[in-house]
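What follows is a short report on a single structure.
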Amino acid sequence: MQTSMSQQLAMAPAMGAYANVSSVGVSNIKTGRDREKKDMQDLNERFASYIERVRFLEAQNRRLADELDKLKSKWGKETTAIKAMYQAELDEARRLLDDAEKEKARLQIRVSSLEQDIEELRIKLNTQHAQLEDQKEQIAKQNETLSSY
């Protein structure tokens, strides 16, 4: 047993060195694991805040989409009512415009006809006026002839 004791004594400084090295290694591993654990916790917190932000934006997007649909349906109804209201007025205005154009064409034909009648009457008037002057001259000559007897 003596050898075993002396072997143990010789090994004692080596075991202390191993214990010291083991203690440092364990400490390094523990520190590394603590750092990894903290990094994972930080990543989890960032991920949780990211998911929360995504959910908030999705909810806001749904709310805005609903609001847009409401506005579209409301705008469509108002537009249809306004269109119907003005469509009747536009149809009436078109009808009146067509009637006015027809009346204008009718009046232009009438004016043209009346201008022709006026020209014919003017020619007839000038002819009658010329005949009247001729007759006046004949009467004047006949009066002269009668007064000379």
Please collect all salt bridge (Lys or Arg N to Asp or Glu O under 4.0 Å) contacts where either partner lies in residues 53-74, sequence neighbours excluded, each pair once.
-> R63-E67

Write out all pairs satisfying salt bridge (Lys or Arg N to Asp or Glu O under 4.0 Å) with one or both partners inside residues 112-133, taking only residues at least two apart or from two chains.
-> E119-R122

Would you please name every residue forming a salt bridge (charged side-chain N to carboxylate O under 4.0 Å, His left out) with [X], sequence neighbours left out?
X: E144; value: none
X: K38; value: D42
X: D91; value: R94
X: E137; value: none

Atom pair [atom1] ([X]) and [atom2] ([Y]), whose distance is rounded to the nearest 0.5 Å:
X: L107; Y: L114; atom1: CG; atom2: CG; result: 10.0 Å
X: N44; Y: K37; atom1: CG; atom2: NZ; result: 12.0 Å
X: L90; Y: L97; atom1: CG; atom2: CG; result: 11.5 Å
X: E45; Y: L43; atom1: CD; atom2: CG; result: 9.5 Å
X: D39; Y: D34; atom1: CG; atom2: CG; result: 11.0 Å
X: T127; Y: L132; atom1: OG1; atom2: CG; result: 12.5 Å

Which residues pass the side chain to side chain contact (heavy atoms under 4.5 Å, CB included) test with S73, sequence neighbours left out?
-> none

Using side chain to side chain contact (heavy atoms under 4.5 Å, CB included) as the criterion, list what pairs up with T31, not counting sequence neighbours.
->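 Scan of T31 (side chain to side chain contact (heavy atoms under 4.5 Å, CB included), adjacent residues dropped) gives S27, R35.
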
Taking everything shown except R33 itself, do over 12 heavy atoms lie less than 6.0 Å from its CZ?
->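 12 or below, so no.
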
Could you list the cluster mates of [X]? Members are the ILVMFWY residues connected by side-chain heavy atoms closer than 4.5 Å, either directly or through other members.
X: I82; value: M85, Y86
X: L57; value: F56
X: L64; value: none

Residue pairs involving residues 101-110 (criterion side chain to side chain donor-acceptor pair (under 3.5 Å); sequence neighbours excluded) |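 Qualifying pairs, neighbours excluded: E103-R106.
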
Hey, does E92 have a side-chain heavy atom less than 4.5 Å from the side chain of E89?
-> no

